[in-house]
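Here's the structure, in structure tokens; my notes come after.
Numbers restart at 1 for each chain; the letters A, B, ... are given by sequence-line order, proteins then strands.
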Amino acid sequence: MDELELLKKDWKKEGNAYPKLSYNDIYKMILKRSSSIVKWIFIISLLEFVFWLILSFVLKDTKSMDRYNQYDADYVIIPLTILGYIILAYFFFMFFRNYRNITVTDSAKKLMESILKTRQTVKQYVAFNLLYLIAAVVVVLCVEFKQDQQLINLAQTAAASGETFKFYTIFTLTVIAFLVVVILILLFFYWLVYGILLRRLNKNYSELKKLDL
Amino acid sequence: MSESLEHSFVEQLETNQNIVHKVCRLYTNNQDAHNDLFQEITIQLWKAYPKFRGDSKFSTWMYRVALNTAITLYRKKKRRINTQEFDSIEFKIKAEEYDDTEEQQLKLLYRAVKELNDIEKALVFLYLEDKNYREISETMGISEVNARVKMNRIKTKLKTILNP
């Protein structure tokens with residue numbers, strides 16, 4: 001006999017001793033909270049949005065930004081800020097829309113796709129923020145080089161001693177190193193959190209996709 | 001949610017609880033994990049219940065939610081004590097005193113099924129529950145042909161695990 005047929009015969013025996021939960025046992029269960037990965041993804045994603053929002057506020061209140069605000073840079077800062085908020089609103093809307101589309105009664109593959117799509121939105125938002133961070137740093141530096149007297153003096157001193165190239169190279173490398181460190185820390189954090197949370201889902205999803213190739 | 005909704009849900013789940021127990025049996029290795037998964041499946045069923053329209057049987061509807069929870073939503077907790085010990089007992093029997101009685105073979109079969117991956121287990125589960133390939137393909141979200149092909153591969157895989 002086919003192995004599975006043998007198993008099926010046994011599987012259907014009522015004698016299989018499963019615990020018999022009472023009405024009250026089950027009733028108590030529905031009052032408890034879920035600890036599903038969707039719930040965790042939701043919480044972590046919200047924290048990500050909050051993190052970037054807080055970061056933007058914190059940066060605005062620092063002393064160097066106070067100094068920065070004295071410059072004539074509103075023509076760059078205001079459009080950048082507005083653009084930032086519009087994009088935040090867009091991603092937030094997309095995130096909620098995708099989150100609401102997660103339905104446990106969908107097929108296994110569809111459910112996994114909906115969860116991954118929700119994650120995708122947050123991932124794109126994070127990618128946007130990293131690009132935004134880089135763009136902001138570049139813009140801020142350009143304005144500083146034009147208007148910050150301290151920096152202009154430094155550049156002029158370097159030029160006077162014929163070290164313009166060295167000055168700009170060190171400056172650029174320092175900025176790039178700073179950005180790389182920040183980005184690496186963030187990526188490590190994501191790898192840690194989502195690696196743990198989504199490892200099984202990714203594995204099962206690729207297994208299902210493989211079946212339909 | 002209203003009391004009558006709660007009542008009808010709990011009553012139906014109480015009657016059909018074996019389906020959930022069977023899923024838990026396939027996807028967990030100890031009683032604690034079994035209870036955890038049962039709890040999560042119950043919560044997911046309850047959350048989805050208001051949208052259950054009754055156009056399919058309650059039990060049929062349960063299969064999807066239970067499997068989806070086991071495969072995708074459930075977050076395994078990090079407390080696995082004695083899990084492997086239980087499994088290795090049967091391994092020993094296999095290596096040392098294998099005999100061809102039906103009971104012995106069943107034990108080995110259950111062990112072999114436990115070695116399958118999450119998706120394969122789901123297919124086996126639906127097959128054991130007498131679901132046809134159309135239902136299996138709809139539940140998993142793959143084509144009927146591929147469900148059939150995969151099922152044949154699983155059968156071969158089980159044979160290999162049993163007779164290496």
Check each atom of [X] against the heavy atoms of chain A and say whether the ones under 4.5 Å are side chain, backbone, both or neither.
| X | result |
| --- | --- |
| B:Asn68 | both |
| B:Thr139 | backbone |
| B:Ile43 | side chain |

- [ ] Mark yes or no for whether B:Arg75, through its side chain, and A:Ile37, through its backbone, hold a donor-acceptor pair below 3.5 Å.
- [x] no

Open item on the list: Under a 3.5 Å distance rule, please check whether A:Arg200 uses its side chain to pair with a backbone N or O of B:Tyr74 as donor and acceptor.
Closed with: yes

Open item on the list: Is the terminal nitrogen or CZ of A:Lys8 (NZ for Lys, CZ for Arg) located under 6.0 angstrom from the six-membered ring centre of B:Tyr127 and within 45° of that ring's axis?
Closed with: yes

Contact part of [X] toward chain B, heavy-atom cut-off under 4.5 Å: side chain, backbone, both or neither?
| X | answer |
| --- | --- |
| A:Leu201 | side chain |
| A:Lys110 | neither |
| A:Ile102 | neither |
| A:Leu111 | side chain |

- [ ] Could you tell me whether the side chain of B:Asp118 reaches within less than 4.5 Å of the side chain of A:Glu207, counting heavy atoms only?
- [x] no

Task: Residues in residues 144-154 of chain B near chain A [non-hydrogen atoms, under 4.5 Å] - done: B:Asn146, B:Lys150, B:Met151

